[in-house]
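One structure below.
Just the heavy atoms: all of them, side chains too, but no hydrogens, waters or symmetry mates, feed the values below. First the proteins, then the strands, lettered A, B, ... as listed; each starts at 1.
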Amino acid sequence: MRTRFAPSPTGSLHIGGLRTALFNWMFARRHGGRFILRIEDTDQKRYEPHSLEELTEALRWAGLNWDEGPDVGGDYGPYIQSERRELYQTWANWLIENDKAYYAYETAEELDQMRKEQMARKQPPGYNRQHRTLSADERAAFEAEGRVPVVRFKMPLEGDTAIEDVIRGRVVFENATLQDMVLLKADGLPTYHLAHVVDDHFMEISHVMRAVEWLPSLPVHWQLWLAFGWEPPIYAHLPVILNPDGKGKLSKRKPPKDKHGNPIPVMAHDFMKAGYLPEALDNFLANIGWNFGDDREFFYIKDAVERFELERINEANSTFPTEKLEWLNGLHIRELPVDELAARLRKPLEDAGLTVDQDLLLKVTPQVQTRIKTLNEVVGLAGFFFKPEFTPAPAEAIIQKKMDAAATAQALARSRAMLAGVDDFTTQALHDAIQPLTEELGLSNGQLFGVLRVAVTGQTISTPTFETMEIIGKDETLRRIDLALAQVGG
RNA sequence: GGCCCCAUCGUCUAGCGGUCUAGGACGUCACCCUUUCAAGGUGAAGACACGAGUUCGAGUCUCGUUGGGGUCACCA
């Protein structure tokens, strides 16, 4: 079995594209087949130089390794379509010679004009096939004008084209409603239609998994396979991911927002930068349109591979369920070994301008592990550990509910005195030392521990108080309490 | 508009004629735990779009309606 992912290098990788790649990859791995990366760069106008790097970077990040491709080679190369020009031209000529295709001489402007007029007359837009039956003389006349023709496919004018799609069943199209698609452009490069059939034939692709938006052109591709006399692959048209509001497919053009109005990432790189784990993103993507099969939603992709079946793909489109990604990412973070999580936490911390000491990072990591849903959240929750200068919180943050400055100052002073006498500066010992003070001061745990938390961390939401004290040590703890005392006017 | 695809809780989904008084998950809400925030535990609310058929029996099959999506480029 051979599958492929064939993105065009027109930008970074769309999350929908990543899912298509993931499904193709899982299918190949499931069956011990080959997963191929092919670059569809036949549109020189939309080509973006850096996108190939971004594409491969995102795929590698997601763990989707390919067995053949532009950088790794293979027996079916080249894997970049612009390097396969002659192949397409050869086979376009073959179609012409066998009366399966023809030259059409209209310019893009003329076609555009034709469409506009059709629209104005409320007719369905489309090529009128006026050059399908050109005589040799007529062609010569156009050539003499200096016109460069395109090659168009001669679609059958009658009958139906019925194709079996693995996930949708039998799909039937009336040939009369179909177009004579352009196969080879005036610049000598193929359109997707020709390139898809020629490449998938010569690369011996067995299964084509692509998004449903390709379904309308499936009959054209099918007729092409028939015209060439080649055996078509098995087709599977995947459902698309819709915007969270359910309106239209997820697109970077109109940035989607979640229910709180926050922008939702669309490109693979956005997810990478937002602090999601590749294992969580893969898990998430595999859960859209497919399911593990036993109500399990949290899983590792290697386990999903063992159960992957095209027949179990849901044919319905789905809205982008971003809240589930948050949840899954949190779960994957919690499952990571501490040293592994620490390693992944380093980058966001450093990106925030902090200097990260490895020993300190290893101590802080367990304290944030159950508290963050994305890697980036570590900065807000525990960034203070790595700041060169501690910034004390303002008095109003230190003073807890139903307390005033005087009571707060007293709580701080008494705590400081107790803490000063603690030599074993560990969480349990600290807790035991401070706990009795609540009764003495007439405060609840929440009040007293809250005062200390804000004093020591500088934040109202933070890592746990005594754990934090243990990590920063006795001297620093006492120093911060003194600073807090000053803040509340003690 | 033509053609094509799709339709189960707010969302992602299980369901492939009877075991469905429709299961799970996220989210939401309540309670428990609790030094903040989380995590964890328990529980609650919440869906078969509609209408005809077929059948002893339909969420499951057929048709229609409605709704949503895709596509109609010398882009993929």
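Using a 4.0 Å heavy-atom criterion, one finds that A/L111 contacts the bases of the nucleic acid, with or without backbone contacts as well. Within 4.0 Å of A/V454, counting heavy atoms only, lies no atom of the nucleic acid at all. Heavy atoms of A/T107 sit under 4.0 angstrom from at least one base atom. Counting non-hydrogen atoms under 4.0 angstrom, A/D112 reaches nothing in the nucleic acid. Residue A/G293 is out of contact with every strand shown, counting any heavy-atom pair closer than 4.0 Å. Residue A/V368 is out of contact with every strand shown, counting any heavy-atom pair closer than 4.0 Å. Among the atoms of the strands shown, none is found under 4.0 Å from any heavy atom of A/P149. Using a 4.0 Å heavy-atom distance criterion, A/V150 is classed as a base contact. Among the atoms of the strands shown, only primed sugar atoms or phosphate atoms (P, OP1, OP2) are found under 4.0 Å from some heavy atom of A/A316. The residue A/E326 sits apart from the nucleic acid: no heavy atom pair falls under 4.0 Å. The residue A/F173 sits close only to the backbone: its heavy atoms come under 4.0 Å of sugar-phosphate atoms, none of a base.
The cationic group of A/R296 does not satisfy the cation-pi geometry with A/F298, failing either the under 6.0 Å distance to the six-membered ring centre or the 45° limit from the ring axis. The cationic atom of A/R38 (NZ for Lys, CZ for Arg) does not lie both less than 6.0 Å from the six-membered ring centre of A/F5 and within 45° of the ring axis. Seen from the ring of A/Y105, A/R139 does not count as a face-on cation partner, given the 6.0 Å and 45° thresholds.
Of all nucleotides present, none satisfies the Watson-Crick or G-U wobble test against B/A47 with each distance under 3.5 Å. Across all strands shown, B/A25 forms a Watson-Crick or G-U wobble pair, both distances under 3.5 Å, with B/U11. Across all strands shown, B/C56 pairs with B/G18; the Watson-Crick or G-U wobble distances both stay below 3.5 Å. B/U35 is unpaired under the Watson-Crick or G-U wobble criterion, no partner having all donor-acceptor distances under 3.5 Å. The nucleotide B/U71 finds its pairing partner in B/G2, both defining distances of the Watson-Crick or G-U wobble pair being shorter than 3.5 Å. Pairing for B/U42 goes to B/A30, judged as Watson-Crick or G-U wobble with the two contacts each under 3.5 Å.
Remark: the separation of the C1' atoms in B/A73 and B/U60 is 41 Å, to the nearest Å. Look at the C1' atom in both B/A22 and B/G40: the space between them is 29 Å, to the nearest Å. For the P atoms, the distance from B/G2 to B/G64 is 15 Å, rounded to whole Å.
In this structure, A/Y127 and A/Q179 approach most closely via the heavy-atom pair N-OE1, 3.1 Å. Closest non-hydrogen pair, A/A393 versus A/I398, comes out as O-CD1, 3.5 Å.
Judged by atom type and distance alone, A/R46 reaches the base of B/C75 through a side-chain donor-acceptor pair under 3.5 Å.
Residues A/Y276 and A/F284 keep their aromatic ring centres 6.0 Å or farther apart. In summary, the aromatic rings of A/W290 and A/F308 are positioned with their centroids under 6.0 Å apart. Aromatic ring centroids of A/W66 and A/Y79 lie 6.0 Å or more apart.
Nucleotide B/C6 holds its P atom 9 Å from the CD1 atom of A/I167, rounded to whole Å. Look at CD on A/Q81: it is 13 Å from P on B/C75, rounded to the nearest Å. Atom CG in A/N243 sits roughly 20 Å away from atom P in B/G10 (whole-Å rounding). Atom CG in A/L328 sits about 13 Å away from atom P in B/U13, given to the nearest Å. A/L189 places its CG atom 16 Å from the C1' atom of B/A73, with the value rounded to the nearest Å. In this structure, A/L194 places its CG atom 11 Å from P of B/A76, rounding to the nearest Å. Separating the CD atom of A/E174 from the C1' atom of B/C5 is a distance of 17 Å, rounded to the nearest angstrom.
In this structure, of B/C5, B/C12, B/A76, it is B/C5 that holds the atom nearest to the side chain of A/R168. Side chain of A/V171, nearest nucleotide from B/C5, B/C74, B/C6: B/C5. Of the candidate nucleotides B/A76, B/C6, B/C74, B/C74 has the atom lying nearest to any side-chain atom of A/A186.
Of the possible donor and acceptor atoms, none in the side chain of A/R152 sits under 3.5 Å from a partner among the backbone N and O of A/L183.
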Can you tabulate the close N/O pairs, meaning under 3.5 Å, that link protein atoms to atoms of nucleotides 22-24 of chain B?
| from | atom 1 | to | atom 2 | distance (Å) |
| --- | --- | --- | --- | --- |
| B/G24 | N2 | A/E297 | OE2 | 2.6 |

Within the sub-3.5 Å range, which N or O atoms of nucleotides 69-71 of chain B have a protein N or O partner, and how far apart are they?
| from | atom 1 | to | atom 2 | distance (Å) |
| --- | --- | --- | --- | --- |
| B/G69 | O2' | A/N317 | ND2 | 2.9 |
| B/G70 | OP1 | A/K249 | N | 3.0 |
| B/U71 | OP1 | A/K249 | NZ | 3.0 |

Protein and nucleotides 35-42 of chain B: nitrogen or oxygen contacts under 3.5 angstrom:
| from | atom 1 | to | atom 2 | distance (Å) |
| --- | --- | --- | --- | --- |
| B/U35 | O2' | A/R453 | NH2 | 2.9 |
| B/U35 | O2 | A/R453 | NH2 | 2.6 |
| B/U35 | O2 | A/T465 | OG1 | 2.9 |
| B/U36 | O4' | A/R453 | NH2 | 3.2 |
| B/U36 | O2' | A/T460 | O | 3.2 |
| B/U36 | N1 | A/R453 | NH1 | 3.4 |
| B/U36 | N1 | A/R453 | NH2 | 3.1 |
| B/U36 | O2 | A/S462 | N | 2.9 |
| B/U36 | O2 | A/S462 | O | 3.2 |
| B/U36 | N3 | A/R453 | NH1 | 3.2 |
| B/U36 | N3 | A/S462 | O | 2.8 |
| B/U36 | O4 | A/R371 | NH1 | 3.2 |
| B/U36 | O4 | A/P464 | N | 3.4 |
| B/C37 | N3 | A/R371 | NH1 | 2.5 |
| B/C37 | N4 | A/R371 | NH1 | 3.2 |
| B/A38 | O2' | A/T370 | O | 2.4 |
| B/A38 | N3 | A/T370 | OG1 | 3.2 |
| B/A39 | OP1 | A/K373 | NZ | 3.3 |
| B/A39 | O4' | A/T370 | O | 3.3 |
| B/A39 | O3' | A/R334 | NH1 | 2.8 |
| B/G40 | OP1 | A/R334 | NH1 | 3.0 |

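Sequence order on RNA chain B of the closest nucleotides to A/R312 and A/A108 puts A/R312 first from the 5' end.
Other residues, nucleotides and ligands place no more than 12 heavy atoms under 6.0 Å from the CZ atom of A/R170. The environment of CD in A/Q44 is crowded: more than 12 heavy-atom neighbours from other residues, nucleotides or ligands sit within 6.0 Å.
Applying the 4.0 Å criterion to OP1 and OP2 of B/C74, one finds that A/R115 has a side-chain N or O inside that range. Side-chain nitrogen and oxygen atoms of A/K185 include at least one within less than 4.0 Å of the OP1 or OP2 phosphate oxygen of B/C75. OP1 and OP2 of B/U13 both lie 4.0 Å or more from every side-chain N or O belonging to A/N291. For B/A76, the OP1/OP2 oxygens have no side-chain nitrogen or oxygen of A/T191 closer than 4.0 Å.
When only modelled atom types and interatomic distance are considered, A/N93 and A/Q89 share no side-chain donor-acceptor pair under 3.5 Å.
A tilted orientation is assigned to the rings of A/H221 and A/H193, their planes being inclined by 30° to 60°. Between A/Y235 and A/H237, the ring planes are parallel. Angles under 30° get that label, and only those over 60° would be called perpendicular.
By the 4.0 Å N-to-carboxylate-O rule, A/E340 lies close enough to A/R344 to be salt-bridged with it.
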